[in-house]
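Given the structure is predicted, the values throughout are model-derived calculations rather than measurements. Here is the naming used below: chain letters follow the sequence lines, and residue numbers restart at 1 for every chain.
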Amino acid sequence: MKLTWRAAYAVFAAAVCAALSWALWTGWWTMPVDKIADVPKSVRDNPGSYRSHYASYSHRYYGGK
Amino acid sequence: MSEPKSLTCPKCGAPLETAEVMPGAIVHACPACFGAFYSKGELAVPVDLAKPKPAPWSCPVCADAMETGTVCDGHIELDRCPTCGGLWFDAGELDALRRLTGVEQLVRAPGADGGDDAEEAPPKPDAPPAKPAASAKPAVPPQKRPAAPARRETTDDDPAPRAAAGDGPVVPPEMSGRWALVQRAPAWVKLGGLRYDHFQTSIPVTTHVLGEFPWVATVGDTVEMSDFVLPPFLLSRESTDAETVWTLGEYVEPEEVWDAFKLPGAPPARRGVAAAQPNPRYDDALWMTRIGVAAAALCALAYFAVSSFSLNQTVADQRFHFTAADPEKSRVSDFFQLGGRTSNVELLLETDLNNHWGYFDVALINADTDVAYDFGDEIEYYHGVDDGEAWSEGAGSDHVIVPQVPPGRYYLRVEPETDAPALDLNLHVVRDIPLLRLVFIALALLAAPLLLVRWRAALFENARWMESDHPRTSSSEDDE
């Protein structure tokens with residue numbers, strides 16, 4: 001049982017180290033970003049034609065303090 | 001004193017054994033009937049027999065006929081040799097003498113003041129510290145100290161543990177109507193360089209005896225017993241007037257006992273935690289801590305290694321101005337190049353929002369592949385004074401990490417929503433920054449199992465010390 005705990009933790013620790021190295025190297029982060037393909041090149045000339053997924057976000061001010 | 005080499009018990013005829021009840025003080029004890037012979041001058045109490053009469057047995061030392069008389073107002077009947085002055089105590093009589101005289105230290109250390117003349121002096125009923133047994137009144141309450149006159153173990157002087165600081169005030173515990181003056185045990189003792197923590201001090205009372213013992217065991221005998229633990233070892237101190245005996249024990253698993261004696265079936269189920277039972281979580285916690293520390297070091301190494309390769313480079317810095325009157329609020333930036341490998345991009349959005357909010361719909365668009373990374377960010381900054389107290393909420397700037405962006409030529413499209421009549425936005429783009437927060441997340445992940453195991457180890461220790469004189473309980477439990 002002791003060996004199981006230690007071995008499991010050693011594997012877990014190795015996985016954490018590997019995941020951290022991969023995340024640091026590839027620039028991984030938790031930020032939710034939509035990846036959209038085939039954006040029309042006309043967007044640069046007519047930026048208002050681009051419709052973002054985030055455009056439907058509801059923006060309301062609920063007040064300060 | 002010229003004594004025969006082999007002495008026999010005057011009562012049962014068994015060969016007497018010698019016992020050193022304190023350094024230099026030798027008595028002859030009978031292993032069969034548990035009587036003991038004390039030579040003249042070995043007792044600190046002058047014993048004067050009342051109404052002596054010839055006894056049917058002989059002195060074990062000089063073989064002359066002994067005489068029988070009473071002490072302590074007739075409560076105890078003793079045998080004395082009129083020739084050599086030695087006294088014979090049957091089993092329990094020495095303890096009775098101790099109780100009735102109230103003198104705890106009955107055996108006198110060799111060389112102590114008084115010498116043999118003390119017994120010849122006339123009785124002095126109230127003369128401290130020793131009251132003549134013949135006229136002594138029972139002490140109330142009797143301060144019972146254990147008697148082990150014929151016990152053969154002696155203090156092992158050489159490896160005797162060193163007591164730590166902690167010998168505190170005298171406390172009078174009561175057990176089953178018996179009182180004893182004991183001194184508080186030290187908090188710990190050291191033996192062989194190892195520290196043993198005090199676990200428990202108790203005063204066991206002999207209620208019955210079964211089997212053979214290498215010492216005289218008498219019903220009513222008591223001993224002050226202190227246990228010190230360093231699992232799996234248990235160091236015990238048994239103290240009587242005459243001696244202190246240290247024993248070192250080691251915890252044995254029930255299965256080992258069953259296996260060693262080839263006992264049938266399985267050992268009974270364990271209840272609770274034994275004083276010296278090894279903590280099964282302790283080794284886990286120790287090893288996992290080592291692994292965790294090594295892994296944490298590797299994480300730090302990975303961070304510094306990746307940091308050394310990171311560009312951490314500002315690739316764009318562009319300002320936009322928006323007004324409510326603009327018919328088209330969307331803007332695009334100039335092209336900029338994201339170099340290096342696939343990595344992150346940090347966007348710092350700085351605004352001049354003042355008691356307003358703004359929401360920014362941002363797209364990072366690859367001009368070559370037409371792939372967009374779309375996200376939104378809300379910025380609000382409010383401040384004021386209420387009831388004379390200044391307050392503020394939010395901030396006029398924010399930063400966003402866009403993960404895993406391949407290298408290439410990019411531009412930004414920004415569309416704001418705001419309740420401000422006019423807004424200035426400064427976009428600052430940095431390529432490939434090492435995120436230290438990832439290291440902290442990794443450390444938290446590494447620490448979580450460690451905390452779990454340490455918590456389980458602590459539960460085990462709590463169960464162990466719950467049975468000790470030092471239970472580890474919360475204050476609320478203490479109140480109960």
Need one label for [X]: side chain, backbone, both or neither, based on atoms under 4.5 Å from any heavy atom in chain A.
X       : value
V400(B) : side chain
L412(B) : neither
A442(B) : both
D377(B) : neither
L301(B) : neither
E328(B) : side chain
F335(B) : both

Donor-acceptor contact present, side-chain [X] to main-chain [Y], <3.5 Å:
X       : Y       : answer
R44(A)  : S333(B) : yes
K41(A)  : A367(B) : yes
Y303(B) : L24(A)  : no
R6(A)   : W287(B) : no

So does [X] have more than 12 non-hydrogen atoms from other groups sitting under 6.0 Å from [atom1]?
X       : atom1 : result
Y282(B) : OH    : no
W22(A)  : CH2   : yes
H383(B) : NE2   : yes

Let's test your reading of the structure: which of [options] forms the most heavy-atom pairs below 4.5 Å with chain A?
options                            : result
S310(B), A294(B), C299(B)          : C299(B)
T342(B), L446(B), L298(B), V332(B) : L446(B)
S343(B), A302(B), A296(B)          : S343(B)

Testing the basics here: between [X] and [Y], what is the closest heavy-atom pair and its distance to 0.1 Å?
X       : Y       : result
L445(B) : F12(A)  : O-CE2, 3.2 Å
A372(B) : V39(A)  : CB-CG2, 3.4 Å
G27(A)  : N344(B) : O-CB, 3.5 Å
A13(A)  : I291(B) : CB-CG2, 4.0 Å
S330(B) : P47(A)  : CB-CB, 3.6 Å
P403(B) : M31(A)  : CG-O, 3.9 Å

Do [X] and [Y] touch side chain to side chain, with heavy atoms closer than 4.5 Å?
X       : Y       : result
W5(A)   : V453(B) : yes
L438(B) : W29(A)  : yes
Y411(B) : V43(A)  : yes

(request) Could you grab the distance from atom OH of Y9(A) to atom CE of M288(B), nearest 0.5 Å is fine? (result) 5.5 Å
(request) State the OG1-CZ distance between T26(A) and R341(B), to the nearest 0.5 angstrom. (result) 8.0 Å
(request) Go through V33(A) and D374(B) one step at a time and tell me if the side-chain contact (heavy atoms from CB on, under 4.5 Å) criterion holds. (result) CA-CA 6 Å; V33(A) 173; D374(B) 214 1; 5.7 Å; no
(request) Could you walk me through whether I36(A) and Y373(B) pass side-chain contact (heavy atoms from CB on, under 4.5 Å), step by step? (result) CA-CA 6 Å; I36(A) 300 167; Y373(B) 298 87; over 6 Å; no
(message) Please rank A10(A), A14(A), S21(A), A19(A) by heavy-atom pairs under 4.5 Å with chain B and give me the top one.
(response) A10(A)
(request) Go through L20(A), D38(A), T30(A) and name the one with the most non-hydrogen pairs under 4.5 angstrom from chain B. (result) L20(A)
